[in-house]
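Have a look at the structure below before the remarks.
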Amino acid sequence: MTRNLRLTLALALVWLLVLGTAARIPWSAPLTPRTTIALDGQDFRPLVGAGVEDGTALGIGAIATEGYALQTTLLQHLRAADLPILRYRFEDFPRTLELVLVFRRADAPDDVQTVALPWPGDGGVAVDLRAASEAWRGEITELGFAEYPTAQLVPPSIAFRPFRLVQARLQSAAWNAAPALLLSGWFGYRPWSQAAINVVAQGAESSASMPLTLALGAALTFALLAWLRREWRARLTQLALLVGITMWVALDLRGLDDLWAKHKLTTSIYSGKSWQERARLQPDEDIAGFAQLTRQYVAVAGSGQRVLVASDSVFKTLRLIYFLLPLNAAPLDTALAEAPPSSWPANSVVVICASKAWLYDDATSTLRAGAKTLPVTPLFIGGDLGVYSLRAAKP
Amino acid sequence: MTTGYLLAWFVAIAAGVLPMVGLTVTMRAGRIATVCGYGVVLGMLSAAATTALTARTDTTHAWIQAAPWLAAFAVGAGAAAYWLQRRAPRAQLLPGDDEGSTYWPRLAAIVALASLIWRGSILASEVLLRPTFPWDAWDAWAVKSKTWFLLGHYGAFVSPAEWLARTDADLYSGPAWAYPSAVGWLQVWFASAAGDWIEPLVNLPWFALWVGLLLGHYGQWRALGLDRTRAMIFVYLLGSLPLLATHVALAGYVDLWVATVFGFGMLSWLRWQEQADRAQLVLALVCAAILALLKLEGIVWCLSLLATIGLGALPPRWRWRSAMIATAVLLIAAVIGQAHVMFAAIGWVRSGTRVVDIPVIGSLSLAWHGSAAAGIARSLFVQSNWHLLWWLVGPVVAWRWRTLRSNGALALCALSLLGCLGLLVFLFVFTDAAEWAESYTAVNRLVMHITPAVVTLLALLLRERRVAPASIRTDAGPDRLSDPA
């Protein structure tokens, strides 16, 4: 009995040490926070988008035409170093939105600082702001939340649904926040991103590594079991396998939970729709629209006409080319690097999409970007899209 | 899904399964899984090859054009394989084959299988719902296939300079104009069967690939002496690797194809080494050839696999000497500077004092990049890409060092994988490809190429000790198997 108790206590101590280190709570911190500032939803005012008080909460009913919503509250004499832990709670927060903390500091009142936050879900979420952002320092004068359609993943037209901001709480470091910090850090939902194909991102970006933590915990557990239970030393292999498999399963359960959460977003956007409807629900539906418009001004596929596409964003350039297929399209910058425009096929078309670099000069009928000049005839100019026919340069 | 689409799947799978049935007549354990796993993957790639060869003028109806040829190939190849293999000696039943497991391991294996089925259902649903999402999937890999299918016929992709200089209507260009087209032709096959460019249906092969990867590895591990429980647990380890699952969910990249084919190639080579099954040597060579057709970097893995196969074919006393002489020659050539080394598959590799020029990768400046080494370490041990896989490799190899030393095939497999990993470390730490490791854009995807083979190495190191290759092999004496390494 005493041996079992000793083993249990030793294991508890080891894991407290490992998990406590992972939670990044200072060892000198008290069990409960010394300072707490609680802000109810009604303390925030909607600066962008529409919202109304809903009891002590703030109900956000509409997003602005700019495509996001923002709620802030003014603060006085709040020292960031004293209150590093943020807890927040929303209700009915749609999976299609991403949440960002915005704040201003007294030393830089004109700068808005931002920190991407884990999706709030239905429960409370805790974040260590010191670990999440170097900007969390000095005196904080204004604090708020902004909500955006998840970038490159969710079509903005269907992203918004009403939700409630229930409460935000800032508190000093304390050990009772450790479980919530680890839970949010490791199990918090992070949507698919373009980088996901290269690096698997699970939980909050600023949280300690779960594989590293569990590997260290597993090694210490193995050493402890082998040390305290002499009869198990003859079966070290099985012991190592048992500890290793347990840790693997723990990581895999987290992985499955993450995959399921990501899939729920996909389901919420695309489930129950025909392919034609899903094809229209592109995350970059504006680019898909540009492609549709461009098709009206260029020759049909197979005609041999070259379509040269430019945008300030490489992503937008390449996406537009993909949407334009099977039109014979390629990036304008690549073409300019390869050969002078005078040598390009005569009926080439230039498409400029969402670009501040490429400007059309009506007086000279040219497209200009710095030193680069293209003689063109406009076919269509409207909003962020311009379609031009390349003109042979005068000798 | 239309009947045509389902029929296209049936024909593609049959085209892989039938030859595999013929090639595996000598197998005792794991045959069905091997036939299905390899069959699905090789069948899809056969469909791609047949489409590329027979449907260039009518890509809209590509699968109808190619299906008769593919069916004829499947029946012919299956019959030929069966005829050649029918007199080959049946593999001995391995000691661990029918070993009864105790309750808990069996329960663990059942839970592992249930977990994989659950994960598989999520992945299949994700692929079937989502339009093509990740960057290179629509920027690089699907550009040719979408163009060819929607255009109605093949059009060559050329360099931007050539594209601008010529006015041919069917000349195309793009950032990935030089990439191999094998997987693109597969997308044309399925798009034509679906009747439209329906991205979820075009991307569904990535889910089938994942299933094929797991089945193929399970079957071959069983054939190599793992009991059902161990094989199932290792399938779970492989199937639960987060980056592999991500490449299925966000279908469209070719890295998972490379990883699967390299893994299959290594497995078949191991079976040839340990069981002298010539059909497996054929499969290993086929896998090596396919690697070169999937992705530019695949050529490097193709050469690695061919080098492993070549070394494995040599008598032991020549094997290590040849490896050391070849390595020494390459190192001296690189160190002397301005050396030109000809590789049949990739052309001239030129190394200078500060630069190495590899045709499939480009010109790379040589310099030490410490931060890239940290990036690699973070990718393998800290990030969530591999669970604890890379934490396990060192301890398992150390623990089973004697097994590794006493088994020539496993030792060569380990050395080959070490060489592959060494190549990656060299690429990232000593060249300006370091930024791919520092930004984590390519490091994990390239490591993924060898990951199934690494799991195979761990599985074989942890198989029952009494499953000794020397007792399995039928046509080689112990001299050939024991290795002085």
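Keep in mind that the numbers below use all heavy atoms, side chains included, and drop hydrogens, waters and symmetry copies. It should be emphasised that the depicted structure is a prediction, and the values quoted were computed from it without experimental measurement. A note on names: the letters A, B, ... follow the listed sequences, proteins ahead of strands, and every chain is numbered from 1.
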Could you pull out all residues at least two apart from Arg119(B) that satisfy salt bridge (charged side-chain N to carboxylate O under 4.0 Å, His left out)?
->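 Counting only residues at least two positions away or on another chain, Arg119(B) forms a salt bridge (charged side-chain N to carboxylate O under 4.0 Å, His left out) with Asp252(A).
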Minimum side-chain heavy-atom gap [X]-[Y] below 4.5 Å:
{"X": "Trp192(A)", "Y": "Glu126(B)", "value": "yes"}
{"X": "Trp135(B)", "Y": "Val314(A)", "value": "yes"}
{"X": "Val200(A)", "Y": "Trp386(B)", "value": "no"}
{"X": "Leu212(A)", "Y": "Phe381(B)", "value": "no"}
{"X": "Ile269(A)", "Y": "Leu129(B)", "value": "no"}
{"X": "Ser209(A)", "Y": "Gln383(B)", "value": "no"}

Classify the side-chain pair Arg306(A)/Ser173(B) by whether it contains a donor and acceptor separated by less than 3.5 Å.
->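 Short answer, no.
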Do the side-chain N and O atoms of Trp163(B) and Asn328(A) include a donor-acceptor pair separated by under 3.5 angstrom?
->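 Yes, Asn328(A) and Trp163(B) have a side-chain donor paired with an acceptor closer than 3.5 Å.
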Residues Ser240(B), Trp248(A); criterion side-chain hydrogen bond (donor to acceptor under 3.5 Å, both in side chains); working and verdict = CA-CA 9 Å; Ser240(B) 66; Trp248(A) 189 292; 2.9 Å; yes
Among Ile233(B), Thr147(B), Val382(B), Asp168(B), residue most engaged with chain A (heavy-atom pairs, under 4.5 Å) =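 So the answer, after comparing Ile233(B), Thr147(B), Val382(B), Asp168(B), is Val382(B).
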Top contributor to chain A contacts, counting heavy-atom pairs under 4.5 Å, from Ala169(B), Pro160(B), Ala108(B) |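 So the answer, after comparing Ala169(B), Pro160(B), Ala108(B), is Ala169(B).
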If you round to the nearest 0.5 Å, how far is [atom2] of [Y] from [atom1] of [X]?
{"X": "Glu199(B)", "Y": "Arg278(A)", "atom1": "CD", "atom2": "CZ", "result": "10.0 Å"}
{"X": "Gln194(A)", "Y": "Asp136(B)", "atom1": "CD", "atom2": "CG", "result": "9.5 Å"}
{"X": "Leu327(A)", "Y": "Leu150(B)", "atom1": "CG", "atom2": "CG", "result": "10.0 Å"}
{"X": "Leu242(A)", "Y": "Trp104(B)", "atom1": "CG", "atom2": "CH2", "result": "11.0 Å"}

Which bit of [X] comes within less than 4.5 Å of chain A, counting heavy atoms only: side chain, backbone, both or neither?
{"X": "Asn385(B)", "answer": "both"}
{"X": "Ser125(B)", "answer": "both"}
{"X": "Trp391(B)", "answer": "side chain"}
{"X": "Trp148(B)", "answer": "neither"}

Please report the shortest heavy-atom distance between Ser115(B) and Leu256(A), naming the atom on each side.
->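 Minimum heavy-atom separation between Ser115(B) and Leu256(A): OG-CD1, 4.1 Å.
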Can you label the angle between the Phe315(A) ring and the Trp138(B) ring as parallel, tilted or perpendicular, going by 30° and 60°?
->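 Phe315(A) vs Trp138(B) ring planes: perpendicular.
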Check each atom of Ala329(A) against the heavy atoms of chain B and say whether the ones under 4.5 Å are side chain, backbone, both or neither.
->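 Backbone of Ala329(A) only, per the 4.5 Å heavy-atom cut-off to chain B.
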Candidates Val199(A), Asn198(A), Ile197(A) - the one meeting side-chain contact (heavy atoms from CB on, under 4.5 Å) with Thr441(B) =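 The option that passes is Asn198(A).
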